[in-house]
Structures are given as structure tokens and as C-alpha cells.
A.B. asks: 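Just passing along the structure, written as C-alpha cells.
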Amino acid sequence: MTDQVCYEDVAPGDEIPSLVVTVDRTQMFFFSAATYNGHRIHYDRDWATTVEGYDDVLVQGPLQSALLSRALTDWIGGHGRLVRFSVQNRAVAYPGEELTFGGVVTGTRIDHGVGLVDLDIAGRRGDTVLMPGTATVALPSRSATV
């Protein structure tokens with residue numbers, strides 16, 4: 001396992017690699033289509049600004065959540081497993097803004113022979129936390145027993 005992160009590789013305080021994304025209107029359109037989300041706040045700028053009072057259309061919260069889970073699954077690799085994932089959508093994001101998704105390891109433990117890693121995770125725009133959350137991942141061990 002050369003590119004695979006293993007349980008022995010992580011410790012509390014470690015940051016996972018960040019995923020940096022600038023969501024555009026095309027990506028938002030396809031995400032709305034794929035999730036059957038026809039809410040005008042995600043595609044109709046006049047509606048979003050006039051009726052809803054925002055500066056522009058809004059990047060979907062579930063799209064931000066999907067990008068945050070992608071940051072985790074990119075990090076854990078093909079032999080890791082996302083065990084628990086919980087987030088809250090706390091602030092809006094607009095298309096064209098640079099968003100960063102990542103997390104920090106808060107703890108490691110062995111549970112029934114499985115190496116588990118707990119993390120505080122977040123989606124951010126600069127210093128603003130848009131989507132805080134927590135996650136637990138299972139990582140493979142370099143040895144037969146953890």
C-alpha cells in the first residue's frame with residue numbers, strides 16, 4: 001500500500017489534505033438535475049435576489065456536503081471506509097467562490113480490531129465555516145492486527 005493512508009500513519013492533530021473547489025453554475029445545474037432539486041434559489045438569480053434576498057443563487061448544501069465527503073474519501077483511499085459522517089449547513093456559498101473542504105484528526109482508537117479515526121471536518125470560505133461536522137473513518141493497518 002504505497003499511496004494508502006494507514007491507521008498507524010495518523011495521530012490527533014493531523015490535518016487531512018484540503019480539497020479546494022470553485023463551484024460554478026454548470027456544476028450546480030448538473031447537481032440539481034442529478035438530485036431532482038428544482039428549487040429556484042439554485043438557478044434563478046432574479047428569484048434568489050429579489051424574492052429570497054440573497055446576493056446570488058446559492059450553492060446547494062448537499063453539494064457542499066458531497067464535496068466534504070469527497071475530501072475524506074480521497075484521503076482514506078480505496079482501502080479505507082467512511083463509517084460516520086455528520087454535518088450542519090450554517091452559512092451560504094455563492095458560485096465562483098473558492099471553497100475549502102478538510103478536517104483534523106481528533107482521536108484514534110481500536111474497536112473490535114478495526115482502526116478508527118475521528119475527525120472534526122468543515123467546509124469553509126476563507127475563514128468562514130460554512131459547514132462544520134464530524135466524521136469517523138476506518139483505516140487499514142500495516143500489520144495483520146492493529
Side-chain angles (χ1 to χ4, degrees), residues 1 3-45 47-49 51-142 146:
M1 292 187 240
D3 290 341
Q4 175 67 53
V5 65
C6 292
Y7 178 77
E8 296 85 356
D9 299 332
V10 300
D14 289 352
E15 291 187 23
I16 70 168
S18 294
L19 172 65
V20 180
V21 177
T22 301
V23 176
D24 63 26
R25 293 176 196 284
T26 302
Q27 184 178 16
M28 292 171 56
F29 170 80
F30 284 119
F31 190 84
S32 283
T35 59
Y36 299 100
N37 182 347
H39 196 301
R40 292 172 71 174
I41 205 164
H42 302 301
Y43 69 87
D44 185 337
R45 187 175 194 286
W47 175 273
T49 59
V51 176
E52 300 285 348
Y54 292 103
D55 294 336
D56 199 348
V57 294
L58 303 182
V59 175
Q60 301 92 330
L63 175 54
Q64 294 176 60
S65 178
L67 291 166
L68 185 50
S69 66
R70 178 180 152 199
L72 285 168
T73 56
D74 285 355
W75 173 65
I76 64 175
H79 295 285
R81 184 170 46 95
L82 183 58
V83 175
R84 189 178 55 77
F85 179 85
S86 176
V87 294
Q88 296 177 350
N89 193 4
R90 297 242 182 111
V92 300
Y94 298 111
E97 296 179 326
E98 184 176 88
L99 306 178
T100 304
F101 302 91
V104 63
V105 174
T106 58
T108 60
R109 65 186 189 285
I110 306 300
D111 186 10
H112 295 90
V114 177
L116 299 176
V117 178
D118 297 315
L119 302 107
D120 281 340
I121 56 175
R124 301 173 187 274
R125 177 187 55 246
D127 292 332
T128 302
V129 175
L130 306 174
M131 181 170 282
T134 58
T136 300
V137 299
L139 293 177
S141 174
R142 293 192 190 290
V146 183

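Everything quoted here is computed from the prediction, not taken from an experiment.
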A.B. asks: When rounded to the nearest 0.5 angstrom, what distance separates CD in Gln64 from CE in Met131?
C.D. replies: 5.0 Å
A.B. asks: Could you go step by step and tell me if Arg109 and Thr136 meet the side-chain contact (heavy atoms from CB on, under 4.5 Å) rule?
C.D. replies: CA-CA 10 Å; Arg109 65 186 189 285; Thr136 300; 4.2 Å; yes
A.B. asks: Minimum heavy-atom separation for Ala135 to Leu82, with atom names?
C.D. replies: CB-CD1, 4.4 Å
A.B. asks: Any sub-3.5 Å donor-acceptor pair from Arg70's side-chain atoms to Ser65's backbone N or O?
C.D. replies: no
A.B. asks: Could you please spell out the steps behind the side-chain contact (heavy atoms from CB on, under 4.5 Å) verdict for Tyr54 and Thr49?
C.D. replies: CA-CA 5 Å; Tyr54 292 103; Thr49 59; 5.7 Å; no
A.B. asks: For a quick test of reading the model, state the closest non-hydrogen atom pair linking Leu68 to Ala122 and the distance between them.
C.D. replies: CD1-O, 3.5 Å
A.B. asks: Taking all heavy atoms of Gly115 and all of Ile110, pick out the closest pair and write down the distance.
C.D. replies: CA-CD1, 3.9 Å
A.B. asks: Rounded to the nearest 0.5 Å, how far apart are NE2 of His79 and CD of Gln4?
C.D. replies: 5.5 Å
A.B. asks: Which distance, rounded to the nearest 0.5 Å, do you find between the CZ of Phe85 and the CG of Leu72?
C.D. replies: 6.5 Å
A.B. asks: Give a yes or no on whether the backbone of Phe29 and the side-chain of Ser32 come within a donor-acceptor separation of less than 3.5 Å.
C.D. replies: no
A.B. asks: What residue among Thr73, Ile76, Val10 forms side chain to side chain contact (heavy atoms under 4.5 Å, CB included) with Val137?
C.D. replies: Ile76
A.B. asks: Going through the distances and angles, do Leu58 and His39 end up as a side-chain contact (heavy atoms from CB on, under 4.5 Å)?
C.D. replies: CA-CA 10 Å; Leu58 303 182; His39 196 301; over 6 Å; no
A.B. asks: Which pair of non-hydrogen atoms, one from Trp75 and one from Val5, has the smallest distance, and what is that distance?
C.D. replies: O-CG1, 3.1 Å
A.B. asks: OG1/Thr134 to CD1/Ile121 distance, rounded to the nearest 0.5 angstrom?
C.D. replies: 6.5 Å
A.B. asks: Roughly how far, to the nearest 0.5 Å, is CG of Leu67 from CZ of Phe101?
C.D. replies: 4.5 Å
A.B. asks: Return yes if some donor-acceptor pair links the side-chain N/O of Arg125 with the main-chain N/O of Val92 below 3.5 Å, else return no.
C.D. replies: yes
A.B. asks: Gln60 and side chain to side chain contact (heavy atoms under 4.5 Å, CB included): which partner among Asn37, Ile41, Val23, Asn89?
C.D. replies: Asn37
A.B. asks: Do any N or O atoms from the side chain of Thr106 and from the backbone of Asp118 form a donor-acceptor pair under 3.5 angstrom?
C.D. replies: yes
A.B. asks: If you compare all heavy atoms of Leu19 against all heavy atoms of Ala71, which two are closest, and at what distance to 0.1 Å?
C.D. replies: CB-CB, 3.9 Å
A.B. asks: side-chain contact (heavy atoms from CB on, under 4.5 Å) between Val57 and Tyr43: does it pass, once the steps are laid out?
C.D. replies: CA-CA 6 Å; Val57 294; Tyr43 69 87; 5.5 Å; no
A.B. asks: Any chance you could measure Leu63, atom CG, to Gln27, atom CD, to the nearest 0.5 Å?
C.D. replies: 5.0 Å
A.B. asks: Locate the shortest heavy-atom distance separating Met28 from Pro95; write the atom from each residue and the value.
C.D. replies: SD-CB, 3.7 Å
